[in-house]
Amino acid sequence: MLHKKIIFFFSLLVVSNFGASQNQKNIPEGYFKNPLDIELKLSGTFGELRSNHFHSGLDIKTNQRTGLKVYATASGYVSRIKIERYGYGKAIYITHPNGYTSVYAHLDKLSPRIEEYLKKRQYDNETYEIQLFPTDLELRVDQGEVVAFSGNSGGSGGPHLHFEIRDSAARPINPMMMGINVPDTKKPLVKQVMAYPLDENATINGKNEPTLLRLIPLKTGGFKTEKLNAYGTIGIGVNTSDRQNGGNNQNGVYQIKTSFNGTPNFEICFDTYAFSETRYLNQMIDYEFFKEKKSRISKLFIPPGSPLSLYGNSINDGKLSLYEPGSNSSYHIEIKDYQNNTSKIVVDIINDEPPTELLAPDNDGLEYVSHSTTFNSKMGKFNLTIPKGALYEDQLLEIKENLDTITIHRDIVPLHKNFILEYDISSKAGDNLDQYYIARITSWGAAYHVNTKRNGNKLTAYSKIMGTYAITKDDKKPTIKPINFKNKQWISKNKTLKLSIADKDSGIDGYRATVNGKFILMEYDYKTGIIKHDFSDNVVTDSENHLKVIVTDNAGNSTTFEATFFRKI
Ligand SMILES: [Zn+2]
């Protein structure tokens with residue numbers, strides 16, 4: 001009997017951790033070690049819902065500091081070094097003998113040996129932003145070796161280490177499944193539950209519109225929602241997050257499962273996915289609600305055509321069919337974090353009568369745009385193309401033009417591919433046409449430069465964000481200001497040379513600095529607008545030095561700054 005019980009218990013474990021056991025099968029315990037030597041606290045979990053993507057790793061807190069030692073999680077070799085202004089900032093990739101790769105991003109510096117390898121190539125190529133692919137013989141590392149120092153570079157919103165593990169097919173894998181464990185005894189938070197009518201006949205409490213359901217906490221620790229009257233095909237969505245011990249950050253959950261009248265009907269599990277799937281997040285969440293309320297509701301049903309491999313088995317794609325007026329249905333949501341702490345929500349549904357009349361939506365002035373064909377519209381001087389497959393579903397869009405401005409609906413409809421916006425600029429002949437570009441105008445009036453190409457009299461820009469676009473001119477030069485030195489000054493004690501660069505309209509495109517005619521490497525942090533040279537590069541070797549910095553904006557305007565400084569040699 002005891003024997004039987006053990007087998008039963010064991011098989012349950014295998015079933016509930018099916019994804020994990022599959023991926024872990026060749027990874028021995030302890031193969032991957034913590035990349036930091038402090039207690040792991042997370043400001044981001046794997047699969048967490050972010051802007052246009054699922055988070056592909058763990059964000060490990062670094063006590064609000066930069067400069068913490070980052071250790072190789074396992075032995076291997078540095079297979080890629082990527083230094084970019086945005087995104088991951090300074091990042092290294094280590095490939096391990098089992099074919100897996102670990103990634104360390106937003107770094108401040110690399111270890112001296114790797115930093116030297118990088119700097120040589122940055123100087124050879126005269127660029128800060130660079131991507132390198134060292135061979136397996138160049139930069140071998142042992143498990144536990146210091147490979148870098150943590151930082152806040154690139155698109156990081158505060159000091160932390162972004163840590164990833166990717167399998168041999170370059171799919172990111174939840175590092176928790178690889179034994180990177182973070183203590184967690186707190187249940188996932190349940191913040192909002194929404195019910196969605198999924199066709200024009202469906203009703204939620206008598207209306208054909210998404211409806212938030214009031215959450216009622218239960219003594220048992222779970223929740224129920226207020227009673228829901230519904231008819232037709234509907235779906236449910238939930239806004240949830242999870243906190244680990246030792247931190248109050250609201251991170252992503254691991255798994256959500258639902259059942260309808262006792263039968264499991266939907267599952268999503270954040271174990272692994274392909275980078276090519278990541279933008280489908282915008283279809284997986286209630287995008288309009290996110291844009292309007294800044295909170296992300298995960299739909300607990302599979303949107304048409306979604307290729308997301310995060311979804312598990314489902315019945316009717318997780319949708320609920322309620323076509324028997326008067327009967328009762330029960331819907332259960334179970335949300336888990338990686339340590340199996342579970343929050344449950346019960347949604348009791350009374351199957352409603354069908355609606356007596358259809359509420360015809362007001363479609364006046366709206367353009368019907370199919371997701372399966374290419375849409376093209378010529379309006380005034382604009383030519384708008386929304387390619388086939390850019391929309392996830394057919395939409396009614398409001399598109400209007402007024403001289404140099406075009407409004408393409410609002411940013412409440414997600415796009416998977418760029419639309420193409422062209423503009424005939426021939427009426428501006430006589431001006432410096434290079435200074436013109438297409439800008440996205442936000443609802444609060446800010447103008448963002450959109451990468452614009454000019455071919456003769458045609459401006460072309462690409463964007464995945466709906467909304468208002470305007471033809472804009474930038475004839476103002478960038479500004480350059482020294483920060484830690486003055487012209488003709490002795491600065492022998494300075495470890496660095498720092499300048500602040502800015503451009504009001506189209507933004508900084510590039511910069512180049514030389515001392516006595518020789519290229520000097522300057523690292524650029526776009527968040528602070530600071531470019532910085534490190535004198536320990538040992539390229540500034542004279543006592544009298546003529547610095548020249550040229551900065552160009554995205555509209556081709558450029559500024560040159562010159563100064564002389566002295567250093568004891
Ligand atoms: Zn991250």
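We count ligands from 1, going down the list as the structure has it; atoms in each ligand are counted the same way. Starting from 1, each residue takes its place in the sequence as its number.
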Atom name in H162, limited to N/O/S, at shortest distance from the Zn ion (ligand 1): ND1
Has H55 got an N/O/S atom less than 2.8 Å from the Zn ion (ligand 1)? yes
Hey, which N, O or S atom on D59 ends up closest to the Zn ion (ligand 1)? OD1
Reference residue S56; test side chain to side chain donor-acceptor pair (under 3.5 Å); the match among R171, E164, R50, R166: E164
With a 6.0 Å cut-off on the ring centroids, do F54 and Y273 count as close? yes
Cationic N near anionic O, under 4.0 Å, K90 to E84: no
Are F270 and H55 close enough that their ring centers fall under 6.0 Å? no
So that I can check it, does any N, O or S atom in H160 come closer than 2.8 Å to the Zn ion (ligand 1)? no
